[in-house]
Structure formats: structure tokens, C-alpha cells
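Accompanying notes for the structure given below.
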There are 2 protein chains.
Amino acid sequence: MRIGELAQVSGTTTKTLRFYEEAGLLPAPERTAGGYRDYAPEALARLDFIRRSRTAGLTLAQIRQVLDIRDAGVAPCQHVQDLLEARLGDLDRQIADLQALRHTVARLRDDAATVDPTSCDATTVCRYL
Amino acid sequence: MRIGELAQVSGTTTKTLRFYEEAGLLPAPERTAGGYRDYAPEALARLDFIRRSRTAGLTLAQIRQVLDIRDAGVAPCQHVQDLLEARLGDLDRQIADLQALRHTVARLRDDAATVDPTSCDATTVCRYL
DNA sequence: CTTGACCTTCCCCTGTACTGGAAGGTCCAT
DNA sequence: ATGGACCTTCCAGTACAGGGGAAGGTCAAG
């Protein structure tokens with residue numbers, strides 16, 4: 001399978017496939033006599049795994065770790081569980097941060113609706129913030 | 001006031017002050033005979049405004065817009081209200097996205113806790129994802 | 001034999017908000 | 001006059017996940 005075909009069936013681009021290879025996520029495929037990349041069908045499953053992992057918000061570095069474990073012949077189950085747990089903690093923190101920021105911004109907006117604009121002063125730029 | 005002093009009283013760094021000048025957030029200050037930047041005291045209020053705006057999650061580009069309006073002699077009140085409203089919409093979207101992702105990841109983790117690891121298969125890499 | 005689609009490597013660019021460091025100039029005290 | 005603290009400009013890099021485009025090679029069809 002050539003790179004364009006793999007890109008199409010996996011729903012990505014040739015640029016991304018070369019980038020993944022460079023980043024160590026995809027093994028370097030065989031080459032045809034003309035120098036073209038010639039992918040084995042298994043590459044598609046691997047790309048699906050990468051896509052699913054990305055959907056879960058894992059970074060390419062984390063995905064590479066999982067793949068490295070698998071490629072070393074070990075089942076990465078425990079590592080994946082740890083990653084998911086850590087990711088959940090990150091998400092909770094991010095959500096909490098954004099909610100706190102939301103409160104701040106909502107309060108600024110509410111103040112802006114009630115405060116007299118003439119009390120703005122040029123040196124302070126804007127008293128709404 | 002020299003750049004180091006302004007950096008200290010405003011709680012930032014000289015690097016950042018030069019960067020803000022370059023980015024059009026701070027007007028280029030007077031220079032001393034020796035070529036040193038010589039800030040007027042008003043610079044501090046402007047930096048406070050920038051800091052408050054950053055706390056509200058505004059980008060430097062948005063802050064610059066507000067400052068440009070103010071520097072054109074117009075009170076930026078309406079623009080700031082619009083910005084805050086838009087920011088609130090962005091935050092709501094971001095929070096909703098992260099919460100959806102949290103659900104996805106939580107479900108993956110829960111599945112990982114119950115599914116038999118021996119059903120993993122090397123080509124799929126990991127059935128938890 | 002040529003055209004066009006596809007492929008190759010290579011290097012730079014995107015956006016965000018800075019940060020690090022080199023080479024050199026200024027100022028004040030000793 | 002010399003040391004050290006401070007300042008100047010300029011260049012390059014950080015993290016993230018690719019994207020853009022140039023210059024050139026390959027392959028099947030007409």
C-alpha cells in the first residue's frame with residue numbers, strides 16, 4: 001500500500017504519515033524499487049490506535065510510549081490504565097481552572113453591565129477589567 | 001524609571017517589557033542620554049491593565065485592540081464588554097468539550113478495569129483505547 | 001515520448017507568550 | 001581605572017502537531 005492510499009483509508013494525510021514515522025510512531029515501511037514507501041496492512045490498525053488515543057487526548061509522546069512497550073513485546077495494559085488515570089486527573093484540573101476563570105469573567109461582565117462608563121479613566125485604560 | 005525597576009514594581013521581567021513594546025502593547029518610552037529606556041510612571045498602570053486582562057484570559061492581541069482603542073482617545077467600554085461576552089462563550093465551549101472528553105476517558109478507564117487483559121492483541125496494540 | 005498523478009527529501013512556517021544567551025555599551029562606586 | 005550591576009540589540013529556541021511549498025524522481029496511460 002502506498003502512502004497516499006494509506007492516508008486516504010486512515011483518514012489522514014501523507015504529511016502526517018511521514019511526520020509520524022519521523023516521530024517514531026510508525027515503523028519505517030518497506031520501499032518499492034522506485035523508493036516509494038510500501039506499507040503492510042497492519043499499518044492501518046496502528047493508525048487506528050493512534051487515532052483512538054488522540055481522541056482520548058493523549059499526546060503523541062504518550063502514544064509513542066505505549067507503542068514502544070507493545071513493540072518490545074509486552075502488553076501495555078497497565079501503562080495504559082495509568083495514563084488514563086493521569087489524563088483524568090489532568091482533565092479535572094483543567095476543567096476546574098476553566099470554571100474558576102469562567103466565574104471571574106462572568107463577574108467582570110456583570111460588573112461591566114452595571115458600572116457607569118464615565119467612571120473610566122484613560123490611565124487605567126478600562127475599569128471593567 | 002529604568003526597565004529593571006519597572007519590571008520589579010510591575011512584577012514582570014525586563015524581557016517581557018521589551019517584548020510588550022515590540023508587540024505594540026507598551027509605547028516606546030523616552031531614552032536617557034546613554035540609550036536606556038526611561039519609563040513614565042503611567043507605564044505601571046498600563047502594565048496593571050495588561051496583567052488584569054491576562055488574568056481574565058484575554059490574549060495579547062485582544063489586549064492590544066483594547067489599548068489601541070483607548071490610545072485613539074475612545075473609551076473601549078463597549079469593545080471590552082463584547083470581548084468579555086465572547087470570552088465567556090469560548091470558555092463555555094472549552095468546558096463543555098473537556099467535560100465530554102472527561103466522560104470518554106472515564107469510560108475508557110472503567111472499561112480497562114473490567115476487561116480481560118488477555119483479550120489484547122498485538123496488532124490492535126491495546127484494546128483499552 | 002510525454003503528460004499527469006503520485007512520490008521523494010528538504011527546509012521553513014504556523015500560533016502563543018515569552019525565555020536564554022551572546023556581544024557589547026553605560027553608569028556608579030571604589 | 002576597574003569592577004560589577006545594569007542596560008542595549010539581535011538571534012534562536014521552547015511546546016505541540018503538523019502544514020506549505022520547492023526541486024526533483026517514478027510510474028502508468030495515451
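A quick note: this is a predicted structure, and the numbers were derived from the prediction, not measured. Numbered from 1 within each chain, the chains take letters A, B, ... in sequence-line order.
In this structure, the side chain of A:Asp38 engages the main chain of A:Met1 through a donor-acceptor pair within 3.5 Å.
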Show me the donor-acceptor pairs within less than 3.5 Å that the side chains of residues 88-96 of chain A make with the rest of the protein, sequence neighbours left out.
unit_1	atom_1	unit_2	atom_2	d
A:Asp90	OD1	A:Arg93	NH2	3.0
A:Asp92	OD1	B:Arg102	NH1	2.5
A:Asp92	OD2	B:Arg102	NH1	2.8

Output side-chain donor-acceptor pairs under 3.5 Å for residues 18-27 of chain B, partner residues at least two apart or in another chain, one line each.
unit_1	atom_1	unit_2	atom_2	d
B:Glu21	OE1	B:Arg37	NE	2.8

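Rounded to whole Å, atom P of D:dT8 lies 14 Å from atom CD of B:Glu30. In this structure, CZ of B:Arg64 is placed 13 Å from C1' of C:dT16, rounded to the nearest angstrom. Between the CG atom of B:Leu58 and the C1' atom of C:dG15 there is a distance of 17 Å, given to the nearest Å. Protein atom CG of A:Asp38 is 14 Å distant from nucleotide atom C1' of D:dT26, rounded to whole Å. In this structure, B:Leu60 atom CG and C:dT16 atom C1' are separated by 8 Å, rounded to whole Å. Distance B:Ile3 CD1 to C:dC18 C1': 14 Å, rounded to the nearest Å. Note: CG (B:Leu6) to P (D:dT8) measures 11 Å, nearest angstrom. In this structure, CD of A:Gln8 is placed 10 Å from P of C:dC7, rounded to the nearest angstrom.
Here the nucleotide nearest the side chain of B:Arg37, chosen from D:dA17, D:dT9, C:dT8, is D:dT9. Taking the side chain of A:Thr13 as heavy atoms from C-beta on, and the options C:dC18, C:dC7, D:dG19, the nearest nucleotide is D:dG19. The side chain of B:Arg31 lies closest to D:dT8, out of D:dT8, C:dC18, C:dT19.
Here B:Leu108 pairs with A:Ala56, A:Leu84, B:Thr104, B:Leu129 under the side chain to side chain contact (heavy atoms under 4.5 Å, CB included) rule; sequence neighbours left out. Applying the side chain to side chain donor-acceptor pair (under 3.5 Å) test to B:Asp110 and every residue at least two apart in sequence or in another chain returns nothing. Residues satisfying the salt bridge (charged side-chain N to carboxylate O under 4.0 Å, His left out) criterion with B:Arg109, sequence neighbours excluded, are A:Glu85. In terms of the side chain to side chain donor-acceptor pair (under 3.5 Å) criterion, A:Ser10 has no residue partners (sequence neighbours excluded). Residues passing the side chain to side chain donor-acceptor pair (under 3.5 Å) test with B:Gln99: none are found, sequence neighbours excluded. Here B:Glu5 pairs with nothing under the side chain to side chain donor-acceptor pair (under 3.5 Å) rule; sequence neighbours left out.
Contact annotation: the side chain of B:Asp71 approaches that of B:Arg46 to within less than 4.5 Å [non-hydrogen atoms, C-beta and beyond]. Residues B:Asp48 and B:Arg51 meet the side-chain proximity criterion, which asks for heavy atoms closer than 4.5 Å.
In this structure, B:Tyr36 stands alone, with no Ile, Leu, Val, Met, Phe, Trp or Tyr side-chain heavy atom under 4.5 Å from its own, directly or through other members.
Of the residues in residues 14-22 of chain B, those lying under 4.0 Å from DNA chain D by heavy-atom distance are B:Lys15, B:Arg18.
Rounded to 10 degrees, the angle separating the terminal helix axes of the helix from C:dC1-D:dG30 to C:dT30-D:dA1, each built from five base pairs, is 40°.
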Nucleic acid footprint by protein, nucleotides 24-30 of chain C - heavy-atom cut-off 4.0 Å, B for base, S for sugar-phosphate alone
-BBS---

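Where A:Gly4 and B:Arg54 meet DNA chain C, the nucleotide closest to each residue was compared, and A:Gly4 sits on the side nearer the 5' end.
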